[in-house]
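Report on the structure given below.
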Amino acid sequence: GDVVGAKKLTDGIHLVVDALKLNEVDAIYGVVGIPITDLARLAQASGIRFIGFRHESAAGHAAAAAGFLTKKPGICLTVSAPGFLNGLVALANATVNCFPMVQISGSSERHLVDLQRGDYEEMDQLAAARQFAKAAYRVHRAEDIGRGVARAIRTAVSGRPGGVYLDIPAAVLGEVIDADLGAASLWRVVDPAPRQVPEPAALDRAIELLASAQRPLVVLGKGAAYAQADDQIRQFVELTGVPYLPMSMAKGLLPDDHAQSVASARSLALRRADVVMLVGARLNWLLGHGDAPQWNSDAKFIQVDIASTELDSNQPIAAPLVGDVGSVMQALIERTGPGQIAVPAQWRDELSARSAENVGKMARRLKAAETAHPMKFLGGLQAIRDVLRENPQAYVVNEGANALDLARNTIGMQVPRHRLDSGTWGVMGIGMGYAIAAAVETGEPVVAIEGDSAFGFSGMEIETICRYNLPVVTVVLNNSGVYRGDAVSTSGDPAPTALRARHDLMIAAFGGRGYRATTPVEVAAALREALTLRQPALIDCVIDPADGTESGNIAHLNPKGITVQR
Ligand code: ADP
């Protein structure tokens with residue numbers, strides 16, 4: 001701080017940076033502007049990495065992905081009103097996905113905002129954020145900045161992780177206070193996400209239920225991936241021999257080619273299982289709410305979750321296990337007697353017969369796609385799959401409709417937490433933000449597999465990728481439309497679902513490498529080269545406009561009503 005007379009001074013901006021550093025924040029994702037530009041400068045000068053984006057939603061999505069990957073809240077920095085609102089989309093999405101993040105936003109002067117006098121970027125941001133975040137706090141005095149940061153971090157990571165909003169008005173950022181008092185006002189959060197173990201009786205109830213099952217099933221969700229309890233999960237699954245189903249972001253927790261994976265007999269597993277153990281997975285729409293006929297109406301559920309209020313949200317939970325995945329799985333391993341849980345051979349045989357059948361069907365589709373021209377989604381995707389097999393450490397980001405459904409099923413994951421996708425909302429727009437965070441947080445290469453529509457929501461961030469020279473290869477599966485590119489327009493304008501772009505030319509404008517691929521062989525060659533170079537690249541894959549289904553796997557969610565002309 002500055003010295004005036006004998007007194008050392010500091011200010012709100014310095015205190016924010018000092019508080020973040022004290023809590024081991026090493027990266028901030030944001031967009032600068034009034035009143036936070038100096039905060040970004042100071043953070044960078046103090047050794048925190050500042051990644052400057054082109055749009056706050058992408059910055060926020062990056063912070064959320066950083067939270068998922070590291071178990072520490074990702075930090076997003078936004079300006080007032082519109083910047084704040086852009087970031088809020090990501091904060092809400094992070095909260096829905098149970099990813100820890102903190103959005104710190106500058107805001108306009110309280111005395112003007114609260115009387116609605118019409119200030120520059122006037123908005124009651126705290127009130128707006130509250131309903132979309134796990135919590136929202138505002139700091140009114142520089143001496144409370146340390147408290148505000150500590151509270152935001154604690155709230156974001158403890159219990160069910162989520163997004164926290166921290167409002168810091170411009171006046172507080174500029175407030176000057178005594179440096180010693182300032183330093184004394186900061187603290188470091190101790191044990192931000194304490195372990196939590198259920199009581200022995202709850203564990204035994206779950207073990208006995210699983211042991212009584214004829215057709216047991218474990219479902220692993222992204223909460224299990226988040227927990228970083230990979231060894232305990234693997235040990236429990238292998239010790240008991242229970243078949244398991246990974247939700248999309250839990251893929252790789254055990255390698256996708258694991259003998260107990262029933263991913264390729266998913267619908268049979270859900271319909272027939274009599275005891276289901278949910279581990280960090282919610283019975284939400286992605287699992288049909290646990291309802292018949294998708295599920296066996298007599299199925300009994302065991303649920304491992306940190307959030308007690310999640311239990312009984314959709315189906316009765318016969319054996320609740322409230323705690324963190326790591327501690328619960330460890331306790332289950334310790335309390336399960338040798339041979340106590342055994343899986344009837346009949347169930348295993350039923351599942352593997354169906355798996356073999358489905359794998360066979362898929363193999364025929366993949367074979368046909370290999371040589372199809374124009375290229376099909378599955379043609380491009382199996383080329384990507386083959387190159388990714390050679391690069392198991394690469395992170396995969398995936399969004400779109402068909403691009404999401406087909407990539408999820410085609411591309412196996414070998415390592416935990418290497419797949420980031422549309423998540424709980426099934427949202428579009430996370431692509432480049434997630435990709436940037438994966439590259440920044442891990443230093444590993446990232447392959448973002450994007451539908452052409454999905455890519456558009458964050459496409460300008462390829463400039464960010466190029467500016468920071470990140471090893472991100474974006475693969476756009478370009479069928480020239482939302483869902484499909486062959487819709488016939490009923491007016492002089494393009495059809496509502498139509499798109500048209502040469503994305504490979506776009507990245508060239510920012511100094512990245514653009515490729516255009518029209519065959520699977522070209523896709524593989526381009527991806528291999530791009531991964532070897534470890535430089536920003538984009539591969540525009542020309543996909544048959546007639547390939548793709550409306551809304552992908554979730555077409556049933558479209559309202560029916562009277563017929564709309566397609
Ligand atoms: P998926 O979409 O993969 O099925 P969800 O996001 O629906 O997964 O579920 C994740 C669940 O994991 C949430 O209910 C959340 O409360 C829970 N969760 C998150 N972190 C932990 C943890 N460390 N231990 C236990 N449960 C967790």
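Since the model is a prediction, treat every value here as computed from it, not as a measurement. All ligand and atom numbering here is 1-based and tracks the order in the structure.
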In terms of atom number and element, which parts of ligand 1 are under 4.0 angstrom from non-hydrogen atoms of Asn284? 7 (O)
Does any N/O atom on Leu287 come nearer than 3.5 Å to any N/O atom on ligand 1? no
Of all protein heavy atoms, the one nearest atom 10 (C) of ligand 1 is Gly280 O, 3.1 Å
For the residue pair Thr410 and Arg385, confirm or rule out a side-chain donor-acceptor distance under 3.5 Å. no
Side chain, backbone, both or neither: the part of Thr424 lying under 4.0 Å from ligand 1 by heavy atom: side chain
Distance from atom 2 (O) of ligand 1 to nearest protein heavy atom, with residue and atom: Lys222 NZ, 2.7 Å
Protein heavy atom at shortest distance from atom 22 (C) of ligand 1: Val325 N, 4.0 Å
Which ligand 1 atoms does Met247 reach within 4.0 Å, using its non-hydrogen atoms? 3 (O), 4 (O)
Select the closest option to atom 15 (C) of ligand 1 among Val322, Thr309, Asp421, Asp305, judged by heavy-atom distance. Asp305
Can a side-chain donor-acceptor contact be found between Asp312 and Gln303 if the only test is distance below 3.5 angstrom? no
salt_bridge(Glu350, Arg354) N-O dist < 4.0 Å: no
Ligand 1 N/O within reach of Ile306 N/O, cut-off under 3.5 Å: yes
Donor-acceptor list for residues 422-437 side chains, cut-off 3.5 Å, not counting sequence neighbours:
from	atom 1	to	atom 2	distance (Å)
Ser422	OG	Val427	O	3.1
Thr424	OG1	Asn97	OD1	3.1
Thr424	OG1	Lys222	NZ	2.7
Thr424	OG1	Arg282	NH2	3.2
Tyr434	OH	Asn93	ND2	3.4

Just jot down the ring pair (Phe, Tyr, Trp, His ring centres under 6.0 Å) partners of His289, sequence neighbours excluded, or say none. none
Any nitrogen or oxygen of Arg160 lying under 3.5 Å from a nitrogen or oxygen in ligand 1? Just yes or no. yes
Pairing donors with acceptors under 3.5 angstrom, does anything connect the side chains of Ser355 and Asn358? no
Out of Arg282, Glu310, Gln303, who gets a non-hydrogen atom closest to atom 7 (O) of ligand 1? Arg282
Look at ligand 1 and say whether Gly326 reaches it with a heavy atom at a distance under 4.0 Å. no
Which atoms from ligand 1 have a heavy atom of Ala227 less than 4.0 Å away? 23 (N)
Note: heavy atom closest to atom 12 (O) of ligand 1, options Ser327, Gly223, Gly323, belongs to Gly223
Side-chain donor-acceptor pair present, Thr78, Gln103, cut-off under 3.5 Å: yes
